[in-house]
J.: 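Take this structure first; my questions come after.
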Amino acid sequence: MWWDELLRVTSVKKVTHDLKGLLRHHLILSESSMEDALRDEAWQDVRIMAYLHDPDAGDYSLERLGRNLGISIVAQPVAKSHATDNDRIAKLCESAVLIHKAYEWYKVRLDEMDLWELFTTVEMPLSFVLASMERHGMLIDIEYLRQLRDELNTALRELEERIYKLAGERFNIRSPRQLGRVLFEKLQLPHGRRTKTGYSTAADVLEALAPQYEIVTRVLEYRELEKLRSTYVDGLLELVNPTTHRVHTTFDQAGAATGRLSSSEPNLQNIPIRSEWGKRIRRAFIAPSGHVLLSADYSQIELRILAHVSGDEALCNAFMHGEDIHTRTAADVFDVSMDEVTDDMRRRAKVINFGIVYGMSSFGLAQQLGISQDEAMRYIENYFNRYPKVKEYIERTIEHARAHGYVTTLLKRRRYLRGINSTDEREREAAQRAAINMPIQGSAADIIKVAMVRLWSEMLRRNWRAKMILQVHDELVWEV
DNA sequence: ACTCTCACG
DNA sequence: ACGTACGTGAGAGTT
Ligand SMILES: [Mg+2]
Ligand SMILES: [Mg+2]
């Protein structure tokens with residue numbers, strides 16, 4: 001058939017808008033056709049081109065791209081149920097023109113930004129990988145999830161009754177407003193900060209009160225279980241295919257401004273793991289009979305990237321010697337030997353390491369660690385004395401952002417920081433933190449994307465059957 | 001549509 | 001939450 005031939009032959013270049021969507025829902029290519037396509041760069045997608053050009057733009061619909069280029073839309077949209085063949089043909093012709101014009105425009109932009117290699121050798125092949133992962137889906141143990149739902153409902157009902165009894169009235173615990181009224185007005189508990197709309201009932205505020213007041217402990221327990229029940233049990237069950245028992249997430253390859261992917265309907269990148277109940281939720285994700293789930297993740301990839309891009313000798317040495325990085329940081333910041341680092345010192349060093357990558361202030365560190373701002377300042381000062389090139393890297397990055405308006409990753413992915421020269425201090429400092437973080441978070445995204453593309457090709461080449469099914473930022477999950 | 005809260009890396 | 005730690009998506013309540 002001429003159409004199949006056209007799709008297969010790589011001398012005919014194909015330009016799309018939302019290639020991953022096409023591959024997931026409409027276009028079935030054989031694996032050998034996909035290998036040919038990747039090698040010859042036969043498919044190019046204007047949605048991804050526009051994302052690489054400005055990953056903060058948010059809307060990459062064809063309509064939006066057309067308006068950006070000043071192309072007015074002529075064909076009138078007609079309600080699907082009333083559309084005639086002629087209506088459909090008119091819209092499709094217009095889409096074809098828009099895709100062509102957008103391609104010609106963004107091609108020049110990406111070339112100017114030196115993004116062509118990232119586009120053709122990483123992002124385009126990745127669209128094929130992601131489409132294949134989405135189509136395969138993740139198997140869910142529905143019966144187990146239903147049992148868990150019943151168990152959660154029982155526990156929630158008991159907590160509910162206890163909370164009503166301690167409050168002396170029945171109210172909607174899920175309403176922050178009603179909860180604030182009960183805790184901080186009726187029961188006169190000391191309130192923490194306020195939100196725009198009332199008293200804050202966020203977990204960190206409630207945790208400070210929990211040791212003194214049983215009702216607060218019960219509310220925190222209620223919150224944890226209610227979150228798991230609504231989002232991860234009921235939410236997931238609604239999205240499971242009743243025939244195949246699989247959920248099929250959608251990865252957004254043009255969503256996150258740093259170059260990360262995101263995942264929705266369901267979001268499979270935020271499945272619980274930290275709490276005991278969370279781990280029980282995770283057990284609902286299974287492999288078919290005769291298979292197992294296998295997960296492989298990078299160790300401290302962001303801090304390794306920080307070591308690499310800063311060139312800090314102490315940080316590089318720590319990684320080259322295979323040291324536990326948080327223990328090493330604790331020894332350096334608290335001026336003890338690695339042997340003398342206590343669990344609590346390591347915990348504090350871990351908070352410091354995360355904070356560094358996020359551009360944290362002494363205020364933020366003090367809040368997180370529950371220490372004074374003076375103490376936090378001393379920690380940060382010690383850190384930068386021990387890792388001086390990290391400080392230089394941060395200063396250099398902010399200066400680059402100020403001078404050029406953008407920052408980049410290892411593979412030249414670019415993010416513009418529109419607030420970086422703002423006269424509004426708050427906005428400017430927020431842009432500075434984003435500038436510090438993006439090259440690190442974004443380079444990690446570059447690295448795992450390259451890994452995904454290489455692994456996928458290599459698995460095909462060897463005819464190995466293990467199936468890559470999820471990416472969780474620094475982790476790949478396989479059905480094996 | 002917005003706010004608050006909270007799950008993940 | 002905020003001026004004060006990056007990046008996401010989702011559910012519930014409220015308007
Ligand atoms: Mg890891
Ligand atoms: Mg939101």
Side-chain angles (χ1 to χ4, degrees), chain A residues 55-56 58 171-180 191-206 219-220 222-236 238-239 249-252 255-275 277-279 281-282 297-298 300-303 306 351-369 373 376-377 380 407 415 417 422 424-442 444-445 448 470-475:
Chain A
D56 273 294
F171 65 102
N172 188 346
I173 306 162
R174 283 156 298 201
S175 162
R177 201 171 113 185
Q178 292 180 42
L179 180 62
H191 62 82
R193 57 176 187 261
R194 288 169 185 277
T195 68
K196 269 178 266 187
T197 51
Y199 306 105
S200 172
T201 65
D204 61 325
V205 172
L206 298 189
V219 167
L220 285 166
Y222 181 90
R223 280 254 178 90
E224 181 188 355
L225 300 196
E226 173 61 16
K227 173 80 175 181
L228 297 179
R229 187 194 59 76
S230 62
T231 305
Y232 299 105
V233 178
D234 291 350
L236 213 50
E238 282 169 27
L239 292 170
T249 190
T250 300
F251 288 107
D252 191 345
T258 56
R260 273 191 178 181
L261 303 175
S262 70
S263 159
S264 63
E265 284 183 292
N267 182 352
L268 293 183
Q269 291 181 320
N270 72 344
I271 300 303
I273 190 171
R274 293 173 189 170
S275 75
W277 276 99
K279 291 189 176 80
I281 300 265
R282 219 165 241 236
D297 72 304
Y298 289 98
Q300 306 296 348
I301 190 169
E302 293 197 352
L303 289 173
L306 178 63
V351 174
I352 293 170
N353 276 329
F354 275 105
I356 292 292
V357 172
Y358 298 154
M360 142 188 88
S361 65
S362 56
F363 179 94
L365 182 62
Q367 288 287 300
Q368 275 301 308
L369 289 180
Q373 207 173 331
M377 246 152 84
I380 292 173
V407 290
R415 182 183 187 182
L417 286 309
S422 170
D424 177 344
E425 186 179 356
R426 188 183 55 80
E427 186 184 7
R428 193 174 61 247
E429 288 178 346
Q432 288 172 354
R433 293 192 299 274
I436 294 166
N437 181 252
M438 185 273 176
I440 300 170
Q441 189 180 114
I448 196 167
L470 286 184
Q471 187 251 47
V472 193
H473 310 306
D474 72 339
E475 171 188 18

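Because only heavy atoms are used, hydrogens play no part in the values below, and waters and symmetry mates are left out as well, while side chains stay in. The chains referred to below are lettered A, B, ... by the order of the sequence lines, with proteins before strands, and numbering in each begins at 1.
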J.: Do the side-chain N or O atoms of A:Ser175 get closer than 4.0 angstrom to the phosphate oxygens (OP1, OP2) of C:dT14?
T.: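 Affirmative; the distance criterion is met.
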J.: Is the phosphate of C:dG11 approached by A:Thr231 (side-chain N or O, under 4.0 Å from OP1 or OP2)?
T.: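 No, because none of the side-chain N or O atoms of A:Thr231 sits under 4.0 Å from OP1 or OP2 of C:dG11.
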J.: Could you check which of B:dG9, B:dC4, B:dC6 has an atom nearest any side-chain atom of A:Arg274?
T.: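 The listed nucleotide nearest to A:Arg274's side chain is B:dG9.
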J.: Between A:Ser264 and C:dG9, is there a side-chain N or O to OP1/OP2 distance below 4.0 Å?
T.: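 Answer no for this pair, as no side-chain N or O of A:Ser264 is under 4.0 Å from OP1 or OP2.
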J.: If the C1' atom of B:dC4 is compared with that of C:dC2, how far apart are they to the nearest Å?
T.: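 B:dC4 and C:dC2 have their C1' atoms separated by 15 Å.
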J.: Report the distance from atom CZ of A:Arg177 to atom C1' of C:dG13, rounded to the nearest whole Å.
T.: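 So the two atoms are 9 Å apart, to the nearest Å.
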J.: Can you list the steps and then say if A:Gln471 with A:Gln269 is a side-chain hydrogen bond (donor to acceptor under 3.5 Å, both in side chains)?
T.: CA-CA 7 Å; A:Gln471 187 251 47; A:Gln269 291 181 320; 3.2 Å; yes
J.: Suppose you measure atom P in C:dA1 against the same atom in C:dC6; what distance do you get, rounded to whole Å?
T.: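 Each nucleotide's P atom is 13 Å from the other's.
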J.: Quick check on B:dC4: is either OP1 or OP2 less than 4.0 Å from any side-chain nitrogen or oxygen of A:Thr201?
T.: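 The answer is no; no side-chain N or O of A:Thr201 sits under 4.0 Å from OP1 or OP2.
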J.: Taking the side chain as every heavy atom from C-beta outward, state whether A:Arg177 and A:Thr197 have any pair of such atoms under 4.5 Å apart.
T.: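 Side chain of A:Arg177 against side chain of A:Thr197, heavy atoms only: no contact under 4.5 Å found.
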J.: Of the listed nucleotides (B:dC8, C:dT8, C:dA10), which one gets closest to any side-chain atom of A:Glu265?
T.: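 It is C:dA10.
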J.: Are any of A:Arg174's side-chain N or O atoms less than 4.0 Å away from OP1 or OP2 of C:dG13?
T.: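 The answer is yes; a side-chain N or O of A:Arg174 sits under 4.0 Å from OP1 or OP2.
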J.: Of the nucleotides C:dG13, C:dG9, C:dG7, which one has an atom closest to the side chain of A:Ala434?
T.: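 Among C:dG13, C:dG9, C:dG7, the one nearest the side chain of A:Ala434 is C:dG7.
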J.: What is the distance, rounded to the nearest whole Å, between atom CD of A:Gln432 and atom P of C:dG7?
T.: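 Rounded to whole Å, this separation is 14 Å.
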J.: Out of B:dC6, B:dG9, C:dA1, which nucleotide sits closest to the side chain of A:Ala203?
T.: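 Of the candidates, B:dC6 comes closest.
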J.: Report the nucleotide, chosen from C:dA12, C:dC6, C:dT4, that has the shortest atom-to-atom distance to any side-chain atom of A:Arg426.
T.: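 Looking only at side-chain atoms, A:Arg426 lies closest to C:dT4.
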J.: Is A:Glu226 salt-bridged to A:Arg229, cutoff N-O under 4.0 Å?
T.: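 Salt bridge: yes.
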J.: Grab the CG-P distance between A:Asp474 and C:dG7 for me, whole Å please.
T.: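 Answer to the nearest Å: 18 Å.
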J.: Which nucleotide wins on minimum distance to the side chain of A:Ser230, given the candidates C:dG11, C:dG7, C:dA10?
T.: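 Of C:dG11, C:dG7, C:dA10, C:dG11 is nearest to the side chain of A:Ser230.
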J.: Dot-bracket, 5' to 3', for DNA chain C please: Watson-Crick or G-U pairs under 3.5 Å, [ ] where pairs cross earlier ones, | where the partner sits on another strand, dots elsewhere.
T.: .....|||||||||.
J.: Using the closest heavy atom to pick a nucleotide of DNA chain C for each, name whichever of A:Asn270 or A:Met360 lands nearer the 5' end.
T.: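 Its nearest nucleotide lies further toward 5', so the answer is A:Met360.
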J.: Just compare C:dC6, B:dT3, C:dT8 and give me whichever is closest to any side-chain atom of A:Ala257.
T.: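 Taking heavy atoms from C-beta onward, the closest nucleotide is C:dT8.
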J.: Can you check the A:Arg260 CZ to B:dC8 C1' distance for me, whole Å?
T.: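 These atoms are roughly 9 Å apart.
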J.: What's the closest nucleotide to the A:Arg193 side chain, out of C:dG11, C:dA1, B:dT5?
T.: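 Selected nucleotide: C:dA1.
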J.: Nearest whole Å is fine: how far is B:dG9 P from A:Leu303 CG?
T.: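 Atom-to-atom, A:Leu303 to B:dG9, this comes out as 15 Å.
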J.: Is a donor from one side chain sitting under 3.5 angstrom from an acceptor on the other, for A:Arg223 and A:Thr201?
T.: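 Looking only at side-chain atoms, A:Thr201 and A:Arg223 do form a donor-acceptor pair, the distance falling under 3.5 Å.
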J.: Say you pick atom C1' in B:dA1 and the same atom in C:dG3; how far apart are they, in whole Å?
T.: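 Their C1' atoms lie roughly 26 Å apart.
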J.: Identify which nucleotide among B:dA7, C:dC2, C:dC6 has an atom closest to any side-chain atom of A:Arg415, counting heavy atoms from C-beta outward.
T.: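 From the listed options, C:dC6 comes nearest.
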J.: Return the value, rounded to whole Å, for the distance between atom CZ of A:Phe171 and atom C1' of C:dA12.
T.: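 In whole Å, C:dA12 C1' and A:Phe171 CZ are 15 Å from each other.
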J.: When you get a sec, tell me which of C:dA10, B:dC8, C:dA12 is the closest nucleotide to the side chain of A:Pro272?
T.: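 Selected nucleotide (nearest to the side chain): B:dC8.
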J.: So, does A:Gln178 get its side chain near the phosphate of C:dT14, meaning an N or O under 4.0 Å from OP1 or OP2?
T.: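 The answer is yes; a side-chain N or O of A:Gln178 sits under 4.0 Å from OP1 or OP2.
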